[in-house]
Structure formats: C-alpha cells, structure tokens
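What follows is a short report on a single structure.
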Amino acid sequence: MKSRQQVKAYWYNMQSAGQSVRLILGEMRAFSSLHLFLPGEPKPDTVDVTVMLKNGTCAYQRVFTLNGLSDTADYTVEQADDGTLHLVTRVETLPEEPCEILVHLTSQTGSTAHSIPCRYHRMHGRVTDFQGKPFHGFVMVNPDSFGESGVLAWTDERGHYELSLPERTYNSICVDDESYGVETLEAWAWHIILDQDQELDFKVGTGEVYGLTAWPSNGGFPVYLIHFRPMALQMLRPPGSSQAEMPEPAQTSCSLGGREFCVTELAPDLKVEDISVTVNSVRAEVLSAQQVLETGPDGQAMRSYLIQISRKGLRSAGKQSLYLEYRKLIEHNGEQHWVESMGYCQFTLTSKGLPE
C-alpha cells in the first residue's frame with residue numbers, strides 16, 4: 001500500500017568513481033552516494049531500494065537492515081532531532097542519472113511503498129582569484145552537513161566547473177585548492193536552493209565568509225540582517241609557521257552576560273566601506289556593520305559580524321540570492337596584507353516578504 005509518510009531519496013552521481021583533495025587538515029574524499037530520509041516512527045526493519053533508469057532498466061537494487069547495524073557495515077544510519085532517519089551509502093557511478101527511486105519499507109506494523117522521481121539541475125560557473133585569473137581548484141557540495149559524503153568537481157584550466165545535482169536545498173558549497181590554510185582560504189555558498197539550473201561564480205582569496213545567513217526584519221526597519229564570520233589567513237597562519245602544521249591562532253578572553261569566553265582571534269576589523277552586498281544582482285546599500293561574538297556552549301567564541309542593508313529597490317518575494325564580498329587592508333605582526341573573500345546565501349520570501 002502507499003504511505004502518506006514522506007520519504008526522500010537522492011542519488012549523487014559523480015562524474016568519476018571517486019575524487020580526493022589533500023589538505024593540511026587531512027584528505028577529503030568524495031564518491032557517488034545514495035541518501036535516504038526515512039520516518040523513524042515506526043522504525044523500519046528493512047529498506048528495499050530499487051533505482052531505475054529512463055529506459056526502464058534497473059540500475060541498482062539493495063535491501064538495507066536497520067536493526068542491529070554492525071560497526072563494519074558499509075552504510076550509516078543517523079537519527080535527527082525530529083526523529084527522521086538518514087541513511088547514507090557509497091554507490092558505483094551510473095552511466096546516466098536515474099529517473100526514479102523505489103523505496104519499500106517493512107516494519108512490525110506493516111509495509112509501505114514509495115516512488116520518488118529524480119529531478120536534476122546543472123550547477124556551473126567559473127572560479128577565479130581576486131585579480132580575475134582562472135583558479136584551478138575543487139568545488140565541494142555538502143548536501144546536508146559536514147562530514148558526510150559530499151559531491152566534488154575540479155575546475156578546468158580556465159576555472160570552469162559543472163555539476164549535475166538532485167533538486168533540493170544544499171547546506172553549503174566550499175571552493176579552494178590544496179593550498180588551503182597555507183596560501184588561501186575557502187570561498188563559500190550557504191543554503192543553496194537548487195530548483196533550476198544555476199550559475200554560481202566564485203573568487204578565492206585569503207579570507208572566508210563563513211556561516212553566511214540573511215533574514216528580513218519583521219516589524220522593524222525595511223532591512224535585511226546578515227550574519228557571518230570572517231576569517232583572515234594571516235591571523236590563522238602566523239608568518240614563519242611550517243606548511244606541515246596548522247598552528248594555534250591567537251586567543252583572548254572576554255566576559256559576556258556574566259560568562260567568560262575564550263575568543264579565537266581570526267576576524268579582520270571590517271567597516272561599512274569594506275563590504276559590498278548584492279541581492280539578485282542588485283547592489284544594496286550597506287547601512288551598518290557591527291561586530292558581535294559567536295559563542296559556543298563550551299565557552300569558546302569567535303568574532304563575527306551583523307550587517308544591515310536596505311531593502312529599497314530589492315525584490316520583495318520569491319527566491320533571493322545574496323552575494324557578499326569584503327576587501328580589507330590589515331596590519332598583522334607588523335606587516336600589511338590584503339584580506340578578501342566572498343560568499344553566497346539563498347532564502348525564499350513569501351508574498352508578504354517573510355521567510356518561508
């Protein structure tokens with residue numbers, strides 16, 4: 001019988017069987033993978049998955065057992081706070097993208113069948129440095145969170161990249177090369193809504209726009225509030241440090257709300273004139289830039305920024321694509337350095353201008 005419970009399935013089909021990136025923090029590997037999102041109540045005993053191609057050929061079939069999963073299993077099952085189960089397994093690259101994923105769940109209360117159509121869109125663009133030169137590096141797409149099986153592509157000699165990805169919202173995209181933490185830091189995109197083919201161009205520099213998010217003020221001034229954590233390579237890697245190690249950055253202490261925090265000092269001192277923002281390619285007026293602490297429950301903190309931009313002249317409903325860039329000349333350890341970076345984030349507004 002058909003079930004009303006929502007089941008999601010995504011097949012990430014890498015252009016090659018597997019790719020890797022060697023960074024100072026270790027090796028990142030990416031493979032073709034299957035992601036399933038399943039109801040946790042009742043918890044299925046078995047999950048039977050069949051993947052179909054457009055010509056009606058069965059390209060993949062497997063039965064997963066969720067009870068008594070061993071440590072040596074080649075798939076993982078994690079439960080989210082809302083009870084949803086997330087199953088991830090590595091798969092072989094198919095000659096083409098699938099058109100349908102059939103999922104049959106069996107539990108003590110019965111069985112349910114689900115048919116999930118596969119919709120893919122093209123993500124593409126060009127990666128350069130801040131002087132406009134082609135940047136040969138990787139584009140890593142993180143579907144849900146870090147540490148999972150990401151999707152990876154390398155740029156060509158002109159800096160172009162292209163990926164075919166399932167339709168959905170993606171947690172983040174990071175872009176760099178194997179000089180991360182030594183000569184460069186990553187460019188990022190956050191909460192990317194892939195509902196159609198999309199072009200995203202990146203610039204890689206010596207800074208980061210980390211954790212970029214934006215939302216409209218509800219009931220206040222007609223502004224967007226933007227939060228992100230900038231980082232500067234020169235503050236992460238002091239002069240003279242070895243390329244084979246990631247040195248400890250400077251730390252200070254700060255009292256906030258009666259609590260003491262240990263602040264890792266990685267952020268450049270940004271002003272309004274150092275920052276530019278566009279929304280759907282329309283330049284926005286940056287009204288203010290305020291430094292705030294991003295704090296953690298373990299007493300750790302990092303400096304971040306709350307930016308406010310005017311919504312005047314910007315589209316008030318539908319999908320919003322926000323681009324933020326900063327460029328700052330800083331002095332660190334008696335030397336001057338340019339720190340520059342960029343980032344994207346996307347969100348959707350209702351007809352009333354509120355987040356969906």
Side-chain angles (χ1 to χ4, degrees), residues 6-10 12 35 37 82 84 97 116-127 139-145 151 160-175 187-203 209-229 272 275-289 304-326 341-356:
Q6 189 175 25
V7 172
K8 298 179 181 178
Y10 303 102
Y12 297 96
H35 290 232
F37 293 88
D82 64 358
T84 301
E97 293 150 352
I116 299 101
C118 301
R119 299 184 179 90
Y120 286 82
H121 300 296
R122 176 174 173 251
M123 182 182 291
H124 65 102
R126 187 167 185 255
V127 182
V139 179
M140 172 72 85
V141 180
N142 301 296
D144 297 286
S145 62
V151 183
H160 294 286
Y161 75 94
E162 182 173 339
L163 285 162
S164 181
L165 297 168
E167 178 177 291
R168 61 168 303 184
T169 297
Y170 288 86
N171 176 70
S172 59
I173 303 169
C174 63
V175 181
W188 288 90
W190 302 89
H191 196 260
I192 297 303
I193 305 167
L194 192 64
D195 54 357
Q196 60 184 353
D197 289 354
Q198 189 161 175
E199 182 176 1
L200 291 176
D201 296 328
F202 292 89
K203 298 178 186 177
V209 176
Y210 194 83
L212 178 65
T213 186
W215 66 99
S217 174
N218 182 10
F221 294 114
V223 300
Y224 283 125
L225 295 96
I226 305 169
H227 179 263
F228 71 101
R229 185 205 306 164
V272 167
I275 302 166
S276 63
V277 179
T278 63
V279 182
N280 302 322
S281 301
V282 177
R283 184 70 174 264
E285 180 186 3
V286 180
L287 301 173
S288 63
S304 61
Y305 280 83
L306 182 66
I307 312 297
Q308 296 186 51
I309 63 170
S310 172
R311 295 180 69 178
K312 183 178 181 181
L314 303 181
R315 195 168 70 221
S316 60
K319 180 179 171 181
Q320 313 292 313
S321 185
L322 185 145
Y323 175 91
L324 184 147
E325 181 176 315
Y326 71 81
S341 190
M342 51 72 59
Y344 291 99
C345 74
Q346 294 181 343
F347 53 97
T348 304
L349 299 179
T350 67
S351 59
K352 296 182 180 180
L354 299 177
E356 283 193 348

Do you know which two heavy atoms are closest between [X] and [Y], and how far apart they sit?
{"X": "Ala317", "Y": "Ser351", "answer": "CB-CA, 4.0 Å"}
{"X": "Pro166", "Y": "Tyr120", "answer": "N-CD2, 3.5 Å"}
{"X": "Ala9", "Y": "Ile116", "answer": "O-CG2, 3.9 Å"}
{"X": "Pro216", "Y": "Gly353", "answer": "CG-O, 3.5 Å"}
{"X": "Ser316", "Y": "Leu349", "answer": "O-CD1, 3.7 Å"}

So, does [X] use its side chain to make a donor-acceptor pair with the main chain of [Y] at under 3.5 Å?
{"X": "Asn280", "Y": "Ser321", "result": "yes"}
{"X": "Asp82", "Y": "Thr84", "result": "yes"}
{"X": "Gln308", "Y": "Leu287", "result": "no"}
{"X": "Gln198", "Y": "Ile193", "result": "yes"}
{"X": "Glu356", "Y": "Leu354", "result": "no"}
{"X": "Asp201", "Y": "Arg126", "result": "yes"}

Checklist entry - When you look at CZ of Arg315, are more than 12 heavy atoms from neighbouring residues, nucleotides or ligands closer to it than 6.0 Å? => result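 More than 12 heavy atoms, drawn from other residues, nucleotides or ligands, come within 6.0 Å of this atom.
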
Checklist entry - For the residue pair Phe202 and Tyr161, does the interplanar ring angle fall in the parallel (under 30°), tilted (30 to 60°) or perpendicular (over 60°) class? => result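 Correct class here is tilted.
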
Roughly how far, to the nearest 0.5 Å, is the [atom2] atom of [Y] from the [atom1] atom of [X]?
{"X": "Arg119", "Y": "Asp195", "atom1": "CZ", "atom2": "CG", "result": "12.0 Å"}
{"X": "Ile173", "Y": "Leu194", "atom1": "CD1", "atom2": "CG", "result": "8.0 Å"}
{"X": "Thr348", "Y": "Gln320", "atom1": "OG1", "atom2": "CD", "result": "7.5 Å"}

Next on the checklist: Under the ring-ring contact (aromatic ring centres under 6.0 Å, His included) test against Trp190, which residue among Tyr210, Tyr323, Phe228 passes?
Outcome noted: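 Considering Tyr210, Tyr323, Phe228, a ring-ring contact (aromatic ring centres under 6.0 Å, His included) with Trp190 is found only for Tyr210.
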
Item to check | Evaluation steps, side chain to side chain contact (heavy atoms under 4.5 Å, CB included), between Tyr224 and Ile309 | outcome: CA-CA 5 Å; Tyr224 283 125; Ile309 63 170; 3.6 Å; yes

pair [X]-[Y]: side-chain heavy atoms closer than 4.5 Å:
{"X": "Leu322", "Y": "Leu212", "answer": "yes"}
{"X": "Phe347", "Y": "Pro355", "answer": "no"}
{"X": "Lys8", "Y": "Gln6", "answer": "yes"}
{"X": "Ser276", "Y": "Arg283", "answer": "yes"}
{"X": "Asp144", "Y": "Tyr10", "answer": "no"}
{"X": "Arg311", "Y": "Phe221", "answer": "no"}
{"X": "Ile192", "Y": "Met123", "answer": "yes"}

Next on the checklist: Under the criterion side chain to side chain contact (heavy atoms under 4.5 Å, CB included), I'd like the reasoning laid out for Ser304 against His227: C-alpha separation, chi angles, the key distance, then a yes or no.
Outcome noted: CA-CA 7 Å; Ser304 61; His227 179 263; 2.8 Å; yes

Checklist entry - Does a side chain donor of either Gln346 or Tyr344 reach within less than 3.5 Å of an acceptor in the other side chain? => result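 Side-chain D/A pair, Gln346 to Tyr344: absent.
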
Next on the checklist: Looking only at side-chain N and O atoms, does Thr213 offer a donor or acceptor that is under 3.5 Å from a partner on His191?
Outcome noted: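 No, Thr213 and His191 have no side-chain donor paired with an acceptor closer than 3.5 Å.
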
Checklist entry - Between Ile307 and Tyr326, is a side chain to side chain contact (heavy atoms under 4.5 Å, CB included) present by the stated rule, with each step listed? => result CA-CA 12 Å; Ile307 312 297; Tyr326 71 81; over 6 Å; no

Item to check | Worked verdict on Ser217 versus Leu225 for side chain to side chain contact (heavy atoms under 4.5 Å, CB included) | outcome: CA-CA 7 Å; Ser217 174; Leu225 295 96; 3.7 Å; yes

Item to check | Among Glu97, Glu162, Glu167, salt bridge (charged side-chain N to carboxylate O under 4.0 Å, His left out) partner for Arg122 | outcome: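 When Glu97, Glu162, Glu167 are each tested with Arg122, the salt bridge (charged side-chain N to carboxylate O under 4.0 Å, His left out) holds only for Glu162.
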
